[in-house]
Amino acid sequence: MFGKLAWSAIPFGQPIPLITSLVVILVVLGVLGLVTVKGWWTYLWREWVTSVDHKRIGIMYVLLGVVMLIRGFADAIMMRTQQAIAIGGAPGYLEPEHYNQIFSAHGTIMIFFAAMPLVIGFMNFLVPLQLGVRDVAFPTLNSVSFWLTASGALLVNVSLFVGEFARTGWLPYPPLSEVGYSPGVGVDYYLWAVQISGVGTLMTGINFVTTVLKLRCPGMSYLRMPMFTWTAFAASLLIVAVFPILTATLAMLTLDRYVGWHFFTNDAGGNPMMFMNLIWAWGHPEVYILVLPAFGIFSEIFSTFSGKPLFGYRSMVAATLFICIVAMMTWLHHFFTMGAGAAVNTAFGISTSVIAVGTGVKIYNWIFTMYGGRVRLSVPMLWSLGFIFTFIIGGMTGVMLAVPPADFLVHNSMFLVAHFHNVIIGGVVFALFAGLEFWFPKAFGFRLHEGWGRCAFWCAFVGFWVTFAPLYIVGLMGMTRRLQHVVVPDWAPWLYASVVGVAILALGAVAQVIQLVVSIRDREKLRDTTGDPWDGRSLEWATPSPPPFFNFAVMPNVEGEEAYWGIKLRAVETQQLSPEPNYQPIEMPVNSPVGFYTAFFATVFGFAMIWYIWWLAIVALIAAFAGFVVFAWRDVHEFEVPADEVARVDRARRAAREATLAQMAEEGGLP
Amino acid sequence: MAGLQAARRAWTRACRCPAVGIAGVGMAGIGLASCSGGVLDPLGPVGRDDATLLIDATVVMLAIVVPTIMLAFWIAWRYRASNPKAEYLPYWSYSGRIEAVVWSIPVLTIMFIGGLIWIGSYRLDPFKPLPSKAPPLEVQVVSLDWKWLFIYPQQGVATVNRLVVPAGTPVHFSITSASVFNAFFVPRLGSMVYAMPGMVSQVSLEADRPGTTYGQSAHFSGDGFSDMHFQVQSVPASEFAAWVRSAKGGGPVLDRKAYAELARQSQNVKPYSYSAVDAELFGAVAMQQIPPAPGPEPGNPSHAGREVGTGGHD
């Protein structure tokens, strides 16, 4: 009846997962209770859960990403403290079975359920606004994508309380992940969680490629698109190209585990090396799926906060597409030490270091964007400058690893761990925090507190280097990764130093939370009345903050790069806004519960597959499919916003702009 | 050694000139790491060549990276909004000359690094034998859950979790795995290579001088992974012969039955040696004539009850 599921699946004997789970369950129950008491269910269901508005979905993605970022950071704290305690014979406080789950969960969560939702959240929120359109190409599909991602994240967290998570690393290399060596449910949790969220990600990729190709406002030619949209487009192309590889690879491993096939097994002609090739054929482009939108965020920030157009815009577009293509030709550098031979290693070593040309060009272009500017050193700009320093060093250690004989010394070492945290934290996470600071007023109508933002930045920047510089050094001292305990006493001081760094990073996280609380408290003081708090340059700043659900009352007409800056210049020159347009009714998609419904049954299906509850899996699959059928036969898919309502919202926006214009005229105005 | 010297020079320069201060921080790390028996403190020629290449590539890149970082901070500071002396060029966004330079700097750097990659990959291919008058010592390496088996086919002995090699003689390792992936890695000897089931990979390493160092698996292989480290002893040739004699003198025999017992999962295995070895054993493991080693078994005392149908909780 319940497959492998039994009471023994609950970790009664292990205090850490048990207490964590209970606390999480209590918090969730508390939140649900609060929502019930306050009577917010109807609001949440109508305005958020069933919403197909790209901005709402984007905000939910970011919320999911932040929650999972905290979970992944908790794992990181445990790993760093365990390694600092378990030195020279001491066992530490996490036995291997538990420690191995923690580092596997840390990697899986940080990549699939923290970084990806955050990046996709930004894409969701920004791309339609920057393109001057009202939604993505497939709004309901977008909602399905989000809820499937949330479903995967939920399954990973359920593994904490029911059963176990994979103990194989964040990429479950066979034969270790085959059923003979990992007979528990951990790898199955990994497979179904990643598989379900991966389907969501692939649909996001399709959605955004279509949006950029087919939905742009009048005049928004490709070479007028803002840089963030370009990078989001490149990342979406990569998603469409490589996520099917992930899906197929995990499906093959699933067949090995569930029905005894031999794609990657030791025996019967299975080939584990094929898994490594396939998983990295997805895995390396994945890094660029994360980091290209991060580059886009920095491009927007450098130009906005320098008060200048992006230097070498076309060159930036070229470099983005160059990285996009070369990213798919480098996967073998993840296993130079497999003995593929000098010719293969040479080819992949060179293709890997060639990527540094694209990133190098971008860095110089950002630097020359600041040249001749009026650089405002506020919080997003601090993150961006911190990024330049950190990312250049990370790129440099990356090229060191791309030299095969050098890689023979530091592959799979703490040096490698330090390197990829250097580029992912220094590149992606810094960008996400910069972006949160930058677009928060657009999403919520008020700015974040500047002082606490600075504090969070400095803690993160210093904390990052105090954590990871020692790991570079122990890596050079020969320490390999994923050790539950270490026997070489010389490594101890560096592992202690790294814990200090983690503590500083934790202070940064606290500062970030305080910033949010203080900003909500002082929201009236921090209110953004103009919709354009940073003197922005792209179309999202042409809308009020927060934007109305239809984004633009009238489709903007774009006449050059940096569309909104052009509009502002014209307004300043003529000392007036463009004449009031003739407002028309707008057709908008209706909300739909199909995303939530499908994801609910996808979660049930995944859980049933993990625990071999076959009848439930079949029921859930049929139910999920039925949801699609009902959705496909729907009669009403759009509703009309009356012209009066559009006019009312837009007149309020215009009034705010008139006031700003008058104020600027008094002060001397734009250049 | 050119690279090591360059690193030292960079270090002394860093003390005098703030322009290379950032390089100094990185080099300080490398310097600290190199005096503590890591990959930058090699015991033999392969490790030395690998490390030289690592440092050369770093120095080449630092020559670009440090000025770029300084330029970024200088421009951000020079053109800060509160500096009235800085000229404001709100429309300036293109310069063909700067673009040309901006593309050339990384292209030239990477062409140079590409040369290092090309030459280094061929010269330091792990499968290539080391040049030497003396014939190499053959060692067959089998990674097991969770210990290392070293077979000396020429001497007819074997060890577990302990590798003894004669100083000054190249050692040719043939590496396979009985169960899951591992990587054979002795940081101070150089190049690591994967141990893979059903395949034989190779690496030639050499220790110049006597010494004791640390080796370990560099690829995660399961619950006992952290104890897959082994002691490496490089000894003078005469001592090596004496060690072989003493190993032959006593200890268990590694036949198929003993191997089957050894192949079962066990953790934190203390080093010991076998006085005689089945000569066909390595080939039989590598070609999987002996079936792959078992995973967790209910009957194995070191794994009693674990992972069996309960989701891993006892």
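In what follows, every chain begins at residue 1, and chains take the letters A, B, ... in the order their sequences are listed. No hydrogens, no waters, no symmetry mates; every other heavy atom, side chains included, goes into these values.
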For Glu562(A), which residues count as a salt bridge (charged side-chain N to carboxylate O under 4.0 Å, His left out) partner, sequence neighbours excluded?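 Per chain and number, Glu562(A) pairs via salt bridge (charged side-chain N to carboxylate O under 4.0 Å, His left out) with Arg537(A).
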For Arg78(B), which residues count as a salt bridge (charged side-chain N to carboxylate O under 4.0 Å, His left out) partner, sequence neighbours excluded?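 With neighbours one apart ignored, the set is empty.
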Under 4.5 Å from any heavy atom of chain A - which part of [X]:
X	result
Phe127(B)	side chain
Ile175(B)	neither
Met192(B)	both
Ser221(B)	backbone

Aromatic plane relationship, Tyr173(A) with His219(B) - under 30° parallel, 30 to 60° tilted, over 60° perpendicular: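 Plane angle under 30°, so parallel.
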Taking the six-membered ring for Trp, are Tyr94(B) and Phe311(A) parallel (under 30°), tilted (30 to 60°) or perpendicular (over 60°)?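 Plane angle under 30°, so parallel.
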Does the ring centre of Trp491(A) sit less than 6.0 Å away from the ring centre of Tyr214(B)?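 Close enough - the centres of the two rings lie under 6.0 Å apart.
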Assert yes or no for the condition that the ring centre distance of Trp103(B) to Tyr364(A) is strictly below 6.0 Å.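 Centroid distance Trp103(B)-Tyr364(A): not below 6.0 Å, so no.
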For the residue pair Tyr79(B) and Ser306(A), confirm or rule out a side-chain donor-acceptor distance under 3.5 Å.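 Their side chains do not contain a donor-acceptor pair, so the 3.5 Å distance test is not met.
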Tell me which of these, [options], has more heavy-atom pairs under 4.5 Å with chain B than the rest.
options	value
Asp267(A), Leu385(A), Asn345(A), Thr265(A)	Leu385(A)
Arg314(A), Met338(A), Arg376(A), Gln484(A)	Met338(A)
Gly349(A), Gly341(A), Pro405(A), Gly360(A)	Pro405(A)

Pair Tyr181(A)-Trp146(B), ring pair (Phe, Tyr, Trp, His ring centres under 6.0 Å): steps then yes or no: CA-CA 12 Å; Tyr181(A) 295 104; Trp146(B) 288 280; 9.0 Å; no
Which region of Phe103(A), side chain (C-beta onward) or backbone (N, CA, C, O), has a non-hydrogen atom less than 4.5 Å from a non-hydrogen atom of chain B, or is it both or neither?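 Contact with chain B is through the side chain of Phe103(A) alone.
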Which bit of Val488(A) comes within less than 4.5 Å of chain B, counting heavy atoms only: side chain, backbone, both or neither?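 Only the side chain of Val488(A) comes within 4.5 Å of chain B.
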Are any side-chain N or O atoms of Asn266(A) and backbone N or O atoms of Ser179(B), one a donor and one an acceptor, separated by less than 3.5 Å?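 Present.
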Separation between CG of Asn365(A) and CD1 of Ile98(B), rounded to the nearest 0.5 Å: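 These two atoms lie 9.5 Å from each other.
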Just verifying a value: how many Å separate Trp77(B) CH2 and Leu377(A) CG, rounded to the nearest 0.5 Å?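 Rounded to the nearest 0.5 Å, the CH2-CG separation comes out at 7.5 Å.
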What parts of residues 197-204 of chain B touch chain A if we use heavy atoms and a cut-off under 4.5 Å?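 Counting heavy atoms that sit under 4.5 Å from chain A, the residues of residues 197-204 of chain B involved are Pro197(B), Met199(B).
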Salt bridge (charged side-chain N to carboxylate O under 4.0 Å, His left out) contacts touching residues 181-200 of chain B (sequence neighbours left out):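 Passing the test, one end in residues 181-200 of chain B: Asp41(B)-Arg188(B).
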Can you tell me which of Ala57(B), Gly222(B), Ser191(B) forms the most heavy-atom pairs within a distance under 4.5 Å of chain A?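 Most pairs with chain A among the choices: Ser191(B).
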